[in-house]
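This report concerns only the one structure given below.
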Amino acid sequence: MVDPSGNESSATYFILIGLPGLEEAQFWLAFPLCSLYFIAVLGNLTIIYIVWTEHSLHEPMYIFLCMLSGLDVLISTSSMPKMMAIFWFNSTTIQFDACLLQMFAIHSLSGMESTVLLAMAFDRYVAICHPLRHATVLTLPRVTKIGMAAVVRGIALMAPLPFFIKHLPFCRSNILSHSYCLHQDVMKLACADIRVNIIYGLIVIISAIGLDSLLISLSYLLILKTVLGLTREAQAKAFGTCVSHVCAVFIFYVPFIGLSMVHRFEKRHDSLLPVIMANTYLLVPPVLNPIVYGVKTKEIRQRILRLFHVTTHTSDP
């Protein structure tokens, strides 16, 4: 932004548009979005509660699922409350430091989730391709270390982000085109050379999302090679244990890749498409993941039905 003397200055706050062109409809659109948010939180907390309380589910696959659910709750919560404030109360202003914190949280949590999805793929690879070694390779202490490594990796990848953004001068505008703060959106407002930010963003995407998706694909190629050599009944059982994870991978990576492509090629600042893609990226995976695992995973489905039955029974007079 520009101060009264005409010099460049740092931004003290940003303005979040919400949904460009749909400002009058935002109030009503907030109701289904808020409902989806509560479904996401309730569904993922239910998964965490079931895995936590059922000792028979204290296995690597379900512990990783618990991590995934926790990250989904945090990712959706990092953006949805502010989004609801914009739609319902027209609270479009966000302070620079708050925007930086939100940006850091969203990107670092996304990196952690990608790492957990990779760990889940490795778990399926060992369970199917080397079943006799599964119990010794993926012990509970080792699973815990993998979870800690996911957190450290996500934070480490995003650690330079605040420094790159804080040193940018903003002299064009302070209006962001999204409902929350994204690195791609904020750096476009800078009136300085942003090549360092662009290169940093590419390095993060390649070293995290690109590498993880490549290793996940490789693990499933090896799984497919092993499964094709099994009997028909064993094939069905093996594929059944992978369906939920494959769905979770597509649910996470497809919106992310779509959002990255839209930001790369969409030139209009007030376009609605990037905003819809961004909201989809943060809200759809947390909503769909517990539904997919609840429907496709027998152990989770049985315990959800049992939990619902007990609650209904005890509430009867």
Side-chain angles (χ1 to χ4, degrees), residues 36 40 43-44 47 61 64-76 78-80 103 105-125 128 146-147 149-151 153-158 161 178 180 182-185 200-224 239 241-266 273-297:
L36 289 174
N44 284 289
I47 295 290
M61 183 176 75
F64 287 135
L65 174 59
C66 208
M67 296 178 188
L68 186 69
S69 295
L71 290 170
D72 279 340
V73 171
L74 293 175
I75 287 176
S76 57
S78 66
S79 60
M80 287 304 296
M103 193 190 316
I106 290 172
H107 291 302
S108 60
L109 289 169
S110 297
M112 295 176 201
E113 183 154 342
S114 180
T115 306
V116 171
L117 287 171
L118 174 59
M120 296 173 79
F122 177 69
D123 169 66
R124 291 299 84 206
Y125 163 73
I128 294 173
I146 292 174
V151 174
R153 184 193 187 207
I155 293 174
L157 285 172
M158 290 299 119
L161 179 63
H178 285 70
Y180 54 88
L182 279 176
H183 179 223
Q184 303 97 313
D185 203 20
Y200 164 69
L202 288 174
I203 291 174
V204 170
I205 290 176
I206 293 172
S207 62
I209 306 299
L211 179 62
D212 292 352
S213 59
L214 179 64
L215 292 175
I216 290 171
S217 300
L218 178 61
S219 68
Y220 273 103
L221 285 175
L222 296 174
I223 288 172
L224 182 62
F239 282 128
T241 63
C242 296
V243 168
S244 299
H245 179 253
V246 171
C247 291
V249 168
F250 278 101
I251 289 169
F252 176 79
Y253 284 108
V254 170
F256 180 89
I257 295 172
L259 179 61
S260 299
M261 296 295 290
V262 167
H263 271 291
R264 178 68 180 84
F265 297 106
E266 180 61 55
L273 180 60
V275 181
I276 294 176
M277 292 293 296
N279 293 344
T280 300
Y281 165 62
L282 285 193
L283 190 57
V284 170
V287 171
L288 292 184
N289 281 337
I291 295 175
V292 168
Y293 276 94
V295 171
K296 293 294 184 181
T297 308

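Because the structure is predicted, anything quoted here is derived from the model rather than measured.
Looking at residues two or more places apart in sequence or on another chain, you find no side chain to side chain contact (heavy atoms under 4.5 Å, CB included) involving Leu214. Taking the side chain to side chain contact (heavy atoms under 4.5 Å, CB included) definition, one finds that Val284 meets it with Thr280, Leu288, sequence neighbours left out. Residues that satisfy the side chain to side chain contact (heavy atoms under 4.5 Å, CB included) test with Thr241, not counting sequence neighbours, are Arg124, Ile128. By the side chain to side chain donor-acceptor pair (under 3.5 Å) test, Tyr200 is found to be paired with no residue, residues two or more places apart in sequence or in another chain being considered. In this structure His107 satisfies the side chain to side chain donor-acceptor pair (under 3.5 Å) test with no other residue, sequence neighbours excluded. With sequence neighbours left out, Asp212 forms a salt bridge (charged side-chain N to carboxylate O under 4.0 Å, His left out) with Arg153. For the ring pair (Phe, Tyr, Trp, His ring centres under 6.0 Å) test, no residue two or more places apart in sequence or in another chain qualifies with Tyr253. With sequence neighbours left out, Leu215 forms a side chain to side chain contact (heavy atoms under 4.5 Å, CB included) with Leu118, Leu211.
When all heavy atoms are compared, the tightest approach of Pro286 to Asn44 is O-ND2, 2.8 Å. When all heavy atoms are compared, the tightest approach of Val204 to Met158 is CG1-CE, 3.2 Å.
In this structure the side chain of Leu224 reaches within 4.5 angstrom of the side chain of Phe239, judged on heavy atoms. Between Phe64 and Ile146, the closest side-chain pair of non-hydrogen atoms falls below 4.5 Å. Residues Leu282 and Ser76 are not in side-chain contact: their nearest non-hydrogen atoms beyond the backbone lie 4.5 Å or more apart.
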Note to self: Quick one, Met112 with Val116, criterion side chain to side chain contact (heavy atoms under 4.5 Å, CB included). Give me CA distance, side-chain angles, the key distance, then yes/no.
What the structure shows: CA-CA 6 Å; Met112 295 176 201; Val116 171; 5.5 Å; no
**Study point:** CA sep, side-chain torsions, deciding dist, call: Leu68, Phe252, side chain to side chain contact (heavy atoms under 4.5 Å, CB included)
**Key:** CA-CA 11 Å; Leu68 186 69; Phe252 176 79; over 6 Å; no
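The backbone N or O of Gly111 sits nowhere less than 3.5 Å from a side-chain atom of Ser114 that would complete a donor-acceptor pair. At least one donor-acceptor pair under 3.5 Å links the side chain of Ser108 to the backbone N or O of Ala105.
Rounded to the nearest 0.5 angstrom, Met61 CE and Cys66 SG are separated by 12.5 Å. Within the model, atoms CD of Glu113 and CG of Leu74 stand 10.0 Å from one another, a figure rounded to the nearest 0.5 Å.
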All N/O donor-acceptor pairs, side-chain side in residues 216-223, below 3.5 Å, sequence neighbours left out:
residue, atom, partner, partner atom, Å
Ser217, OG, Ser213, O, 2.9
Ser219, OG, Ile216, O, 2.6
Tyr220, OH, His245, ND1, 2.6

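Listed by first and then second residue, the side chain to side chain donor-acceptor pair (under 3.5 Å) pairs involving residues 281-293 are Asp72-Asn289, Ser110-Tyr281 (not counting sequence neighbours).
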